[in-house]
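These notes are about the structure you will find just below.
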Amino acid sequence: MNFSDLGLSEKVLAAVRSAGYEKPTPIQEQAIPHVLARRDVLGVAQTGTGKTASFTLPMLSLLETGRARARMPRTLILEPTRELAAQVEQSFVVYGQNHRLTVSLLIGGVSFADQLKKLDRGADVLIATPGRLLDHFERGKLLLTGVDTFVVDEADRMLDMGFIPDIERICKLLPPTRQTVFFSATMPKEIQHLADQFLRNPVKVEVAPAASTAKTITQRLISSGSKPWDKRAVLRSLIDNAKDLKNAIIFCNRKRDVATVCRSLTKHGYSAGALHGDMDQTSRMATLDGFKKNEVTLLVASDVAARGLDIPTVSHVFNFDLPTHAEDYVHRIGRTGRAGREGTAISIATKADRKYIDAIEALTGDTIEWIGAIDFSSSSSEGDDEERGNSRKPSRRGRGKQRSDAPKNTEARKQDTPKQEERRQEKAPAPRRKEQPAPTPAPVSAPVSAADYGDPSPRPVPSRNEASRNNRGRSKDRGERQVIGMGDHVPAFLLLPIRPTKEKEQKNGTSD
Ligand code: ADP
Ligand code: MG
């Protein structure tokens, strides 16, 4: 099938031709005619298979008739992260090159003023993260009653607990007659139920079972001791031994670790930048830009980069930590192997990760091969000292020692003695070590005003204790914006030693 068989307008077809697309992808082939027919659609397809064009192309065709009125957008697209929203805006630039449409981007972390100007002009397309959208609404700058098409990208993420109140609110502001379109690569059953409540008699287009991974991604696991320095040594070794590594995204579960790993890599001479939700938006965009332009080779990121980001040339994804939710694994590794390209995803696994691996394999239906023998033993305490706040440069000896704990299993590793290996590391391939100092990661100690996901910008969003987060249920664990009590803030009085009351003393029979 060709694009011209899908019912798209001439202007859109011309843009598709100049984008260099020859054939529609399966999700485009199946979803576009239904979106054009103004049906509600639930589209599920693997990462990197062109879901964005599945909704943007028919939207552009539909928008050719009619015009926008001030503060009353005609269409609305919701995205879970600011970066992703900005990327979809870019898609409208590419696909909408023959149209004269106003596309407005409402994301947190940037000034309201410019956003207002565009809204005032009348937006044909409004792309937003939920927090900032509601902020504009609350300020009376926006009316959503003119929205004909409502798109929720990364739909399962958007219907996850953290976002759902916002999505419900937004839906109530939209006209009931609107068309609703959901897209995602994963769609857990419990979320699917929820999705059905928002869609009216939808056409379900599922080109591969939900959560199946793109076949172009080679997946591997590698064992490591559980200490952070064990994992960092394994990571360095993976980078050093990776075949055809052009660049890589390294995912950590916690923002704190994003900063630590990035700092450690930089200290070891790698070109690395950090991306997580506690960074200000300018730094977030700057890091991402540097990575896209190949100025930064390794992007150390939290799950803020897991969803949707389309950087076609990402050759490797490394999971420094295995994600605690299997769906996140699918999205993280989906940052490579996009649009039919080859990609490699390697996850560092410690002994405690077995349950996560089982869940991932159950969800994706893939069995992930291990690199070499499985060995969870830890190295000595001679790490790279990040954890201990020691700025001492890692000694040769220290590094040699780490190497012996790093994967013993790659081809090179099997042949090399630690000394040879060390020498080989010194002559490591070009892209990873750059002469100039790499950008320093943004501090993680900044108060959390905007979460990793979405952007409830000026609304107070206290931070939360990330360590305890992992012990809680899915909903609390996920959003990085749901806050329990006072979050990270511990009032001084809570730190005072506890003196048992008389009553307690008697009960416990102790007075200590
Ligand atoms: P998804 O949302 O499914 O993860 P994207 O919409 O981000 O994927 O698209 C992934 C990549 O595929 C993009 O770089 C896009 O330019 C490219 N792409 C989309 N449609 C086609 C097509 N029909 N032919 C070739 N490349 C395409
Ligand atoms: Mg996408």
Side-chain angles (χ1 to χ4, degrees), residues 1-8 12-33 35 41-60 77-97 127 129 151-158 181-187 205-217 247 249 288 291-292 303-315 317 327-343 345 453:
M1 190 179 276
N2 291 314
F3 275 106
S4 52
D5 302 323
L6 300 177
L8 294 163
V12 172
L13 290 176
V16 165
R17 273 194 300 277
S18 63
Y21 300 169
E22 284 164 15
K23 294 238 171 252
T25 63
I27 185 74
Q28 290 163 358
E29 204 176 293
Q30 294 178 50
I32 287 174
V35 181
V41 174
L42 173 64
V44 178
Q46 297 106 319
T47 53
T49 56
K51 291 187 287 294
T52 318
S54 305
F55 57 85
T56 46
L57 300 181
M59 280 172 80
L60 283 164
I77 301 170
L78 290 182
E79 296 287 344
T81 67
R82 301 164 184 178
E83 286 76 8
L84 195 42
Q87 181 180 293
V88 172
E89 185 196 27
Q90 269 320 103
S91 298
F92 272 97
V93 173
V94 174
Y95 304 137
Q97 57 186 260
I127 306 163
T129 47
V151 178
V152 182
D153 196 14
E154 304 292 345
D156 62 329
R157 175 78 195 93
M158 301 298 275
V181 175
F182 280 15
F183 275 101
S184 188
T186 48
M187 193 46 78
V205 180
E206 211 170 332
V207 300
S212 47
T213 53
K215 296 294 159 240
T216 50
I217 308 171
N247 55 6
I249 304 182
L288 196 59
F291 184 65
K292 281 183 186 161
D303 278 307
V304 73
R307 291 264 178 172
L309 285 189
D310 181 50
I311 306 168
T313 54
V314 173
S315 69
V317 166
E327 283 86 12
D328 291 340
Y329 176 83
V330 175
H331 291 280
R332 286 182 182 187
I333 71 163
R335 293 320 99 212
T336 186
R338 297 182 72 73
R341 291 179 179 82
E342 297 291 316
Y453 292 107

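Counting starts at 1 for both ligands and their atoms, in listed order.
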Side-chain donor or acceptor of [X] paired with backbone N/O of [Y] under 3.5 Å:
X	Y	value
Q87	G308	yes
R335	L309	yes
T216	R341	yes
Q30	I27	no

Nearest-neighbour protein heavy atom for [atom], which is reported as residue plus atom name and distance:
atom	result
atom 20 (N) of ligand 1	Q28 NE2, 2.8 Å
atom 12 (O) of ligand 1	A339 CB, 3.3 Å
atom 4 (O) of ligand 1	G48 N, 2.7 Å
atom 14 (O) of ligand 1	D310 OD2, 2.5 Å

Inspect the contact between K51 and D310 and indicate whether a charged nitrogen and a carboxylate oxygen are less than 4.0 angstrom apart.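 A salt bridge is absent here (no side-chain N lies under 4.0 Å from a carboxylate O).
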For ligand 1, is there an atom lying under 4.0 Å from some heavy atom of F3?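 It does, in that a heavy atom of F3 comes within the 4.0 Å cut-off of ligand 1.
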Answer with yes or no whether E22 contacts ligand 1, where contact means a heavy atom under 4.0 Å from a ligand atom.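 No heavy atom of E22 comes that close to ligand 1.
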Of the listed options R338, R341, K51, closest to atom 7 (O) of ligand 1 (non-hydrogen atoms):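 Ranked by closest heavy atom to atom 7 (O) of ligand 1, first place is R338.
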Determine, considering heavy atoms only, which of Y95, Y21, F55 sits nearest to atom 25 (C) of ligand 1.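 Among Y95, Y21, F55, the closest heavy atom to atom 25 (C) of ligand 1 comes from Y21.
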Interfacing atoms of ligand 1 (cut-off 4.0 Å, heavy-atom, [X]):
X	answer
T52	2 (O), 5 (P), 6 (O), 7 (O)
Q46	3 (O)
K23	22 (C), 23 (N), 24 (N)
T49	1 (P), 3 (O), 8 (O)
T47	4 (O)

Quick one: [atom1] on [X] to [atom2] on [Y], what's the gap to the nearest 0.5 Å?
X	Y	atom1	atom2	value
Y95	T56	OH	OG1	5.5 Å
N247	T336	CG	OG1	8.0 Å
K23	Q28	NZ	CD	12.5 Å

Considering all heavy atoms of both residues, which atom of V88 and which atom of T52 are nearest to each other, and what is their separation?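 So the two residues come closest at CG2-CG2, 4.2 Å.
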